[in-house]
Amino acid sequence: MLQSRVCQILGIEYPILQAGMPWLANAELAAAVSNEGGLGLVTPTAGLGAQGDVVSNLRKQIHRTHSLTDRPFGVHIFLGVPNVQNLLEAALTEGVKVVVTSGGSPALHTGYLKDNEVKVIHMVASVRHAKGAEAQGVDMVIAEGFEGAGLRGYDGIPTFVLLPQVVDAVEIPVVASGGIADARGLVAAFALGAEGVHIGTRFAATHECVAHPAYKEAIVKAIDTGTMVVGGRRMHARLLKGEAASRLQEMAGGNALEDERWEALLWEQARAALLEGRLDEGIASCGAGAGIITEVLSVAQVMKMLVEGYNEVLSRLK
Ligand SMILES: Cc1cc2nc3c(=O)[nH]c(=O)nc-3n(C[C@H](O)[C@H](O)[C@H](O)COP(=O)(O)O)c2cc1C
């Protein structure tokens, strides 16, 4: 049985979390995942116009998710944004019970969220950060390996080695993230001690995801060498290989790009690629697991493939 403390804590059937991907993780996607027994996550930028307001958009997305599912779902808040307190307040007043945080210190907001009876899940890319998050009282951590899409940890530790070390270092449940795209990855994550998985790229290539068809098609077409990591002074991001990523790499040449400029670029140009399909102009985050993904599926098909495949892979191993 695919069960763990993650299911108990979050009140979900299967310990499968859909990543709160910027621009893409909207109510339709999150509700579809939650309705299939996983945990859907919405993000403040989901489907937003270039000039849109993230706080009101987050409220709208949460409201709509409530109307599409009566199962648990959460929001993903990137702690590096200036209006983070407004976003957290919006989530709370709209009745959100699970918040995933990343890109900042869990010391700043965990207490506030816990005081409001919210389950807090913090994303970490090192053992030190996992221990720090546990000390701040988060309910679980997501250990995000270098294989995953988008911004990556400074030290580039892959999921396969990060995960067991984080599992050994903390008492709270650990959710694996980065490179998990099918049931083999799910079983491997559990074998390494994870009690749940957090999946981005596989859910981006679903019918329910608002991503432009050109981006979904690019995921499907990507082979094992289809992504690259572009780095700034300290920041890295895993992107689809192509003109846009190469141009960014040139700009970041010699690690000259300041983190702030780098984040701004990612922010400004990601929408063009993900929502408008302008892959040569915009920045398309994509996990290395894209090579495993061969077709756009429905969320129900992805969940079935993971849940049923989990038992099939296990029986093959016996
Ligand atoms: C299209 C897309 C955009 C993403 N953008 C960001 C981002 O801006 N910052 C970030 O920290 N993670 C970002 N992520 C990473 C996800 O939150 C998640 O950690 C990751 O997708 C998990 O790895 P996987 O893609 O191999 O499943 C993005 C993922 C996708 C697919």
Side-chain angles (χ1 to χ4, degrees), residues 16-26 29-30 33 38 40-47 54 74-81 100-104 121-125 129 141-154 158-160 162-163 175-182 185-186 188-189 194 196-206 209-212 214-216 218-219 222 226-227 229-230 232 235-240 245 259 262-277 279 282-293 302 306:
I16 298 170
L17 282 61
Q18 160 250 314
M21 300 165 278
W23 305 106
L24 303 187
N26 67 0
L29 180 61
V33 173
L41 292 168
V42 295
T43 187
T45 49
V54 283
V75 301
H76 181 170
I77 305 291
F78 185 71
L79 298 176
V81 295
V100 174
T101 55
S102 67
I121 309 173
H122 190 65
M123 295 184 67
V124 298
H129 286 124
V141 286
I142 295 174
E144 48 168 348
F146 207 49
E147 295 90 324
L151 288 180
R152 294 296 95 196
Y154 303 142
T159 308
F160 214 82
L162 175 67
L163 190 53
V175 175
S177 181
I180 300 159
D182 66 11
L186 173 60
V197 290
H198 173 258
I199 297 178
T201 306
R202 176 60 275 188
F203 281 120
T206 57
C209 179
V210 68
H212 193 278
Y215 171 66
K216 295 184 193 179
I219 295 176
T227 66
V229 174
V230 177
M235 292 269 183
H236 311 283
R238 185 175 293 281
L239 310 174
L240 266 177
D259 282 356
W262 174 225
E263 271 187 69
L265 270 174
L266 267 181
W267 185 252
E268 287 159 16
Q269 297 186 7
R271 186 182 183 285
L274 302 175
L275 291 181
E276 295 171 10
L279 299 180
I283 295 173
S285 292
C286 182
I292 303 166
I293 298 165
V302 171
L306 291 169

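Each ligand, and each atom within it, is numbered from 1 in the order the structure gives. What you are looking at is a predicted structure, and each value in this text was computed from that prediction instead of being measured.
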Could you check [atom] against the protein and tell me its nearest heavy-atom contact, residue, atom and distance included?
{"atom": "atom 1 (C) of ligand 1", "answer": "Y215 OH, 3.3 Å"}
{"atom": "atom 22 (C) of ligand 1", "answer": "S177 OG, 3.4 Å"}
{"atom": "atom 3 (C) of ligand 1", "answer": "S285 CB, 3.4 Å"}
{"atom": "atom 11 (O) of ligand 1", "answer": "L151 CB, 3.6 Å"}
{"atom": "atom 5 (N) of ligand 1", "answer": "P22 CD, 3.1 Å"}
{"atom": "atom 15 (C) of ligand 1", "answer": "A149 O, 3.0 Å"}
{"atom": "atom 25 (O) of ligand 1", "answer": "T201 OG1, 2.6 Å"}
{"atom": "atom 17 (O) of ligand 1", "answer": "A19 CB, 3.7 Å"}

Does [X] approach ligand 1 within less than 4.0 angstrom via side chain, backbone, both or neither, non-hydrogen atoms only?
{"X": "R152", "result": "side chain"}
{"X": "W23", "result": "neither"}
{"X": "L24", "result": "side chain"}

Evaluate the side-chain proximity of [Y] to [X]: yes if any heavy-atom separation is below 4.5 Å, no if none is.
{"X": "I121", "Y": "H198", "answer": "no"}
{"X": "I293", "Y": "R202", "answer": "yes"}
{"X": "I199", "Y": "L306", "answer": "yes"}
{"X": "I283", "Y": "L274", "answer": "no"}

When you measure from the side chain of [X] to the backbone of [Y], do you find a donor-acceptor pair of N or O atoms at a distance under 3.5 Å?
{"X": "H122", "Y": "V141", "result": "no"}
{"X": "H236", "Y": "Y154", "result": "yes"}
{"X": "E144", "Y": "A125", "result": "no"}
{"X": "R152", "Y": "G145", "result": "yes"}
{"X": "K216", "Y": "A204", "result": "no"}
{"X": "R238", "Y": "F146", "result": "yes"}
{"X": "T45", "Y": "V54", "result": "no"}

By number and element, which atoms of ligand 1 are closer than 4.0 Å to a non-hydrogen atom of [X]?
{"X": "M21", "result": "29 (C), 30 (C), 31 (C)"}
{"X": "L274", "result": "1 (C)"}
{"X": "I199", "result": "27 (O)"}
{"X": "G179", "result": "24 (P), 26 (O)"}
{"X": "M123", "result": "19 (O)"}

(request) Would you mind finding which of Q18, E147, H198, R202 brings a heavy atom closest to atom 19 (O) of ligand 1? (result) H198
(request) Test V42 against every option in L29, V75, N26 by the side chain to side chain contact (heavy atoms under 4.5 Å, CB included) rule and name the one that passes. (result) V75
(message) I want to know if ligand 1 touches G200 in the polar sense, i.e. an N/O pair below 3.5 angstrom.
(response) yes
(request) Please verify whether a non-hydrogen atom of S102 lies at under 4.0 Å from ligand 1. (result) no
